[in-house]
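One structure is given here, and the rest of the page talks about it.
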Amino acid sequence: MRQRAGRVGALVLAGLLIAGGTVGCAGKGERPQDQAAAPVSVTEAPTDEPVDEPSVEASPSPSGVAAMGAAPSRSASASPKPSKKPTRTSPATKPRVVAKAPTETKVPPAPPKPAPSSCKPSYKGTQASRADVKAALSAAAARTYWPSSAPDLKIPLNLLKATAWQESGWQSNIYACDGGVGLMQVMPATATWMNQRFDQSYDIAAYQDNAYLGANYLAWLTKYIGDMYFESDFRLDADLCTAELDSCLLNAVIAAYNFGHGAVAQEGEPLAIPNPSYVRNVRALMTECVCLGY
């Protein structure tokens, strides 16, 4: 959950499509082209072998976690007759020309500045196996994060797998130079905000909790942007997207995970996709990533 662009985006995607190969996490410093510090960070290609780096003893991961996602309080002035929710077969909701006021007024902190390109990530503790990472991501994708106000909102498993691959190469013990931690390259400040917002105590260093934090952040972005631009149609279906990157909620959520909600959604402004390379990389990974077969 940080705003970074995939420095290795183009190379990564090319490697995947040609050889089903490796992908690192997203870059960070994407201003004019596609670089910015995000709720996530940059890494080397993943391997099955432990990384040969000085390590510290990792803290044990909690065995289970309560579901995140208390629904935001509703205003007493809300319409007494809610609009009909779109079904999975209804036509795509086109984004509004300008955004409505957000229903979520508590927002994550601004992303940090990009780290120097010469900085190398570090590693702490033991790297989780691919089987364990797969199980953690699957469990996170199975959660309902807005049980009251948006119970139909779901984070697709292929989106979660692809984002984790783009961000960290599924390396659970990686620490990026910009502060991003672990599997989903969650920023410590973002994790603190998420725990406070939903009254939780997830451990950013535990890969299971890191997966939940990443999925919950994607869910928060889906609710936030979906309410502002898509008339509360929270579908993240790829087939709702056209060739225009700003045509669907899926692309907007991917962009915001990397660049932050403020770079994508602003009240009274049109939807923005400031990091097209990152979005295209993740979208390609959703169908082509070697990680989908793990």
Side-chain angles (χ1 to χ4, degrees), residues 1 39 67-108 140-160 163 190 193-194 196-200 212-242 244-274 279 282-283 286:
M1 318 169 173
M68 291 174 93
S73 60
R74 296 187 178 183
S75 170
S77 61
S79 173
K81 192 173 183 179
S83 57
K84 184 178 180 181
K85 292 182 180 179
T87 65
R88 293 310 249 184
T89 57
S90 62
T93 300
K94 295 181 180 179
R96 293 173 57 88
V97 176
V98 296
K100 291 181 178 179
T103 56
E104 274 281 284
T105 57
K106 297 179 179 179
V107 298
R143 288 291 182 88
T144 298
Y145 292 95
W146 294 91
S148 298
S149 59
D152 295 330
L153 191 163
K154 297 289 185 182
I155 302 303
L157 179 56
N158 61 342
L159 170 59
L160 202 54
T163 302
T190 304
W193 176 83
M194 295 290 286
Q196 292 175 346
R197 170 65 182 83
F198 296 105
D199 192 23
Q200 300 295 321
Y212 286 125
L213 284 165
N216 198 88
Y217 186 59
L218 286 168
W220 184 88
L221 290 168
T222 301
K223 180 73 165 61
Y224 184 80
I225 300 173
D227 283 339
M228 291 177 71
Y229 289 94
F230 293 90
E231 307 299 344
S232 299
D233 181 348
F234 303 122
R235 290 177 294 170
L236 295 174
D237 300 357
D239 58 7
L240 298 179
C241 305
T242 69
E244 299 298 326
L245 287 181
D246 62 357
S247 63
C248 62
L249 181 56
L250 173 61
N251 290 346
V253 167
I254 293 171
Y257 190 90
N258 174 239
F259 250 60
H261 69 282
V264 175
Q266 290 285 343
E267 181 180 352
E269 297 292 332
L271 188 67
I273 305 293
V279 174
V282 174
R283 284 293 308 278
M286 288 177 67

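Residue indices begin at 1 and follow the sequence shown. Note: hydrogens, waters and symmetry copies are ignored here, and every other heavy atom, side chains too, is used.
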Pairwise distance [atom1]([X]) to [atom2]([Y]) - rounded to 0.5 angstrom:
| X | Y | atom1 | atom2 | result |
| --- | --- | --- | --- | --- |
| Arg197 | Asn216 | CZ | CG | 9.0 Å |
| Leu213 | Leu218 | CG | CG | 11.0 Å |
| Arg283 | Leu250 | CZ | CG | 5.0 Å |
| Ile225 | Phe234 | CD1 | CZ | 11.0 Å |
| Gln266 | His261 | CD | NE2 | 7.0 Å |
| Gln200 | Met194 | CD | CE | 9.5 Å |

For [X], enumerate each residue passing the side-chain contact (heavy atoms from CB on, under 4.5 Å) test, keeping only those at least two apart in sequence or located in another chain.
| X | value |
| --- | --- |
| Asp246 | Glu244, Leu271, Ile273 |
| Val98 | none |
| Ala142 | none |

Exercise: identify the closest heavy-atom pair between [X] and [Y]:
| X | Y | value |
| --- | --- | --- |
| Phe230 | Leu249 | CZ-N, 3.4 Å |
| Thr103 | Lys223 | OG1-NZ, 3.7 Å |
| Glu104 | Tyr224 | O-CE1, 3.5 Å |
| Glu269 | Tyr229 | O-OH, 2.9 Å |

Practice problem: With side chain to side chain contact (heavy atoms under 4.5 Å, CB included) as the test, would you mind laying out the steps for Thr222 and Ile155 before giving the verdict? | Solution: CA-CA 9 Å; Thr222 301; Ile155 302 303; 4.1 Å; yes

Quiz item: Got Tyr217 and Tyr145 here, is their nearest side-chain heavy-atom distance under 4.5 Å?
Solution: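 Not in contact.
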
Quiz item: For Ser247, does its backbone N or O pair with a side-chain atom of Thr242 as donor and acceptor, under 3.5 Å?
Solution: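 Answer holds: no.
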
Practice problem: Output, in order, the C-alpha distance, side-chain angles, deciding distance and verdict of side chain to side chain contact (heavy atoms under 4.5 Å, CB included) for Arg96 and Met228. | Solution: CA-CA 8 Å; Arg96 293 173 57 88; Met228 291 177 71; over 6 Å; no

Exercise. Could you verify whether a donor N or O on one side chain and an acceptor N or O on the other, from Lys154 and Thr144, lie under 3.5 Å apart?
Key: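 Distance-only check passes for Lys154 and Thr144.
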
Exercise. Show your working on side chain to side chain contact (heavy atoms under 4.5 Å, CB included) between Leu159 and Val282 and close with a plain yes or no.
Key: CA-CA 8 Å; Leu159 170 59; Val282 174; 4.2 Å; yes

